[in-house]
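Nothing here was measured: the structure is a model prediction, and the numbers come from that model. Labels below follow one simple rule: chain letters A, B, ... track the order of the sequence lines, proteins then strands, and each chain is numbered from 1.
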Amino acid sequence: MNAAPTRPGAAVAVAAAALVVVVAGGAGSLPLAATLTGFLTLLVGTVIGNRPAITLGAAGLLVGVLAAGVGGWPIPLALAGAVLSVLAWDSATASVALGRQVGADTATARVELVRAGATTAAGVVTAGLGWALYRPAVAPRPVRVPVLLGIAAIALVVAVRR
Amino acid sequence: MKRAAALSGLVAFGLGLAAYVRPGLVQVPVERLAVVLLGVTALGLAVFAVRARLQASGETADVGRPETTPPVPEPAGELRAFVDRVDPVEHPTGLSLGERRALRTLAVEAVARFRNATRDAARRMVDEGTWTDDPVGAAFLDADGPSQSATDRARRLLTGWSPYRARADRAEAAIAALVGLDGPGRDSDERRGLLARLRRRYGAFERVADPDRPDAGSSVVQTTARWRGISAVALVAFAVGTLTREPAVILVGAVGVGYTAYARLGTPPRPDLSADRTVSSTEPRPDEAVDVSLTVTNEGESVLWDLRLVDGVPRSLAVADGTPRLATVLRPGESATVEYTLDATRGDHSFRPVRAIARDLPGSVETDTALSAAGPGAVRCVPPLDAEAELAVRDQPTRETGRRPTDIGGDGVEFHATRPYRRGDPLRRVDWNHRAKTGELATLEFREQRSVSVVCLVDTTTSAAVGPATDGPTAVDRCVNGAGVVVDALLDDGHRVGVAALADADCWLEPGAGEQHRRRARELLATAPPFAPDGSGADRIPLNWLDRFRAKLPAASQVILFSPLCSRTVGAAARRLDAHGHPVTVISPDPTDPARDRIAGILRRFRVWDLRAAGVPVVDWEWDEPPAMATARTAVREAPR
């Protein structure tokens, strides 16, 4: 049995990671360097089937997105970069695990595309909600709003985390 | 702690919402220090989350490898033991056996045996490099050969190959050629691409052992580690966002929170599945292809978003074509089919429960079920015995009449000599031609045909449970098949044949003849535990085994030993039996594969040579040859006497 990572998922992951470089790389040299490094690490990890490498690659992509956001990059692009990074990470790890369980030669396109679609939808919905709640065009809000919401979120996450 | 966090979270959320709706309402001073503390705490939590992710192993349930039989180990080279015995070094340096030292010893031993030289002459030839035509191999092993440089070591460590290793490989190939081992040579990592090498070293390789299947009907719900660590995204983003007050970053954190919630949204699926298996033949002949088709239907009312199926292939059968695994989305009422082909081998093989692993849409909870499939539950394969060639047996007749020509003249069928007529000789034995020519009476004498008492001894120790392919038969299987052919051939020739297993004193059939005896021998070979396809033999030959065996052996009987000769002790036992007056012939299948381990093949050749030098004939049986061919060749070789 060929236990290599399954191809549909790996393709989605690599494409998403490349898109992150496109979306957030233009923000400056740090975001570009971080996303490129993340992309390459994730690519190598996906091809070889090494999970820690995939996680580190996705982390690099996210660091790049955060660096872009810190530098004042437009919010929709930063959000898109975040969703795509998570999609790349999810798809790559899932394809490695699926390859281990089922083999790269089995037809897994259906399962993997359904999975990728669900992950993307979840991200888009959350990002859309967040963007809608904080649109600077409507009326500028004091920055304590997101900070307080941030405190709320952290606390909730701590409460909900296993 | 959790409740306090939840409470404070809700309070903060309320304040934030109020500040959003009525900007002037809330006058909470957002002090810089508090913000910094918050950010640092978030970062710390994030580190924990990341660590948890990196440590998360086994995201998937371990399904094992049902396509294969338990992997057949390679024949162990026992190189270290050999080198230490043959060429001990006074002050051994370090724990690892020096590659050059090992190859030099092997070369010296090979030259001494196969070029008929003394050890000193052989050592000289190796030092000077005159033992082989291959200049690279000779240069590697001669007196001032190369040593590993640091870059060589580094390359070998990282990628598994280096120029030094390539030269050592050439030397090994030269020794193998000297010993008579042909073969395309090592087909391992360095011939494949760099990608395959790196995948093997660093990739998430599958575990090879096949865990026990849960019983049919069992169902286990467990969480996967799929989304573990996603909260790190939220925490880091919030930390950075609160420290820098950039809304974009904080919103990225919101995305992280969204995913964390999404990961916990799923409910464990309750799969309601039915499985139906069809098998093309439940009583196949050996090596016949058996087609298996498994259809699984979703009888429930909810969609199974991620269903992975692994059919319960019998443990002792290997999949030849197709795959017993599947991953799919199953709507209610939909079915999925798995089709594959098995290679039938001797024995009773029963199917195990089907493993169905269903996950919810986010993929964070899975239900692991074992289904029993409707349809045939087992595949039974009993090979018929058939012999096609005569077997030559060594000189040691008993007194019964059989079909082995001996050198003793007497009553028989085949002409041997004439002798002067004696009173009382039967008239039908008179040589009338001689009388016509010379007028004297002479009696014809024929070669007395006597039957032989033979015990077929099969090596069932663990050192023999090896083979060239991880998913093929073991040498024990080949030996049992060969023994079956030989037993049949000898019984046809009228000899008395018995069966025994090496190192297992209980497995014993006394030499006998007749149809009932043939049936008993066949049953013993097909069903006794030491001969079973996945049976575990003894690790070692017990100390008193030889004496007990000799006690059971009839006085004037021969032994045909079926063994791959992968261990020294088997050869020693053969020699001792031979020396004690029971002529031994060894029929030895060759389980070594030059592509995988040339050294094991070389050491086996040494053992074969040593046995032959001690007067024990050894029939070297190619792995892919059917047994009849090997025995036919023996007959041709030993006929002229």
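Between B:Val310 and A:Gln101 there is no side-chain heavy-atom pair separated by less than 4.5 Å. The closest side-chain heavy-atom distance from A:Asp105 to B:Thr323 is not below 4.5 Å.
Per-residue heavy-atom pair counts under 4.5 Å with chain A were compared for B:Ala327, B:Ala261, B:Gly256, and the maximum is reached by B:Ala327. Per-residue counts of heavy-atom pairs under 4.5 Å with chain B were compared for A:Leu66, A:Thr108, A:Leu77; the largest is that of A:Leu66. Put simply, of A:Leu79, A:Val44, A:Thr106, A:Asp90, the one with the most heavy-atom pairs under 4.5 Å next to chain B is A:Asp90.
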- Task: Could you give me the CA-CA distance, side-chain angles and deciding distance for A:Thr93 and B:Trp227, then say whether side-chain contact (heavy atoms from CB on, under 4.5 Å) is met?
- Result: CA-CA 10 Å; A:Thr93 47; B:Trp227 289 104; over 6 Å; no
- Item | Test log, rule side-chain contact (heavy atoms from CB on, under 4.5 Å), inputs A:Val114 and B:Leu361 | CA-CA 9 Å; A:Val114 163; B:Leu361 187 54; 4.1 Å; yes
- For B:Val257 and A:Thr126, run side-chain contact (heavy atoms from CB on, under 4.5 Å): C-alpha distance rounded to whole Å, both residues' side-chain angles, the deciding distance at 0.1 Å, then the answer. CA-CA 8 Å; B:Val257 171; A:Thr126 326; over 6 Å; no
- Test A:Leu98 against B:Arg308 for side-chain contact (heavy atoms from CB on, under 4.5 Å), laying out the working first. CA-CA 9 Å; A:Leu98 197 58; B:Arg308 298 154 198 216; 3.4 Å; yes
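The shortest non-hydrogen separation linking B:Val252 to A:Val65 is CG2-CG1, 4.4 Å. Across all their heavy atoms, B:Ala248 and A:Trp73 have their closest contact at CB-O, 4.2 Å. Shortest non-hydrogen contact noted between B:Tyr262 and A:Thr119 is OH-N, 4.0 Å. Across every non-hydrogen atom of B:Val249 and A:Gly69, the tightest pair is CG2-C, 3.7 Å. The minimum heavy-atom distance linking A:Arg115 with B:Asp360 is given by the pair NH2-O, 3.7 Å.
Both the backbone and the side chain of A:Val70 come within contact range of chain B, judged by heavy atoms closer than 4.5 Å. Within the 4.5 angstrom heavy-atom criterion, no atom of A:Val125 approaches chain B. For chain B, the nearby part of A:Leu62 is the side chain; its heavy atoms alone come within less than 4.5 Å. Within the 4.5 angstrom heavy-atom criterion, only backbone atoms of B:Ala254 (N, CA, C, O) approach chain A. Within the 4.5 angstrom heavy-atom criterion, no atom of A:Ala59 approaches chain B.
Remark: B:Glu334 pairs with A:Arg110, B:Arg331 by the salt bridge (charged side-chain N to carboxylate O under 4.0 Å, His left out) rule, at least two apart or across chains.
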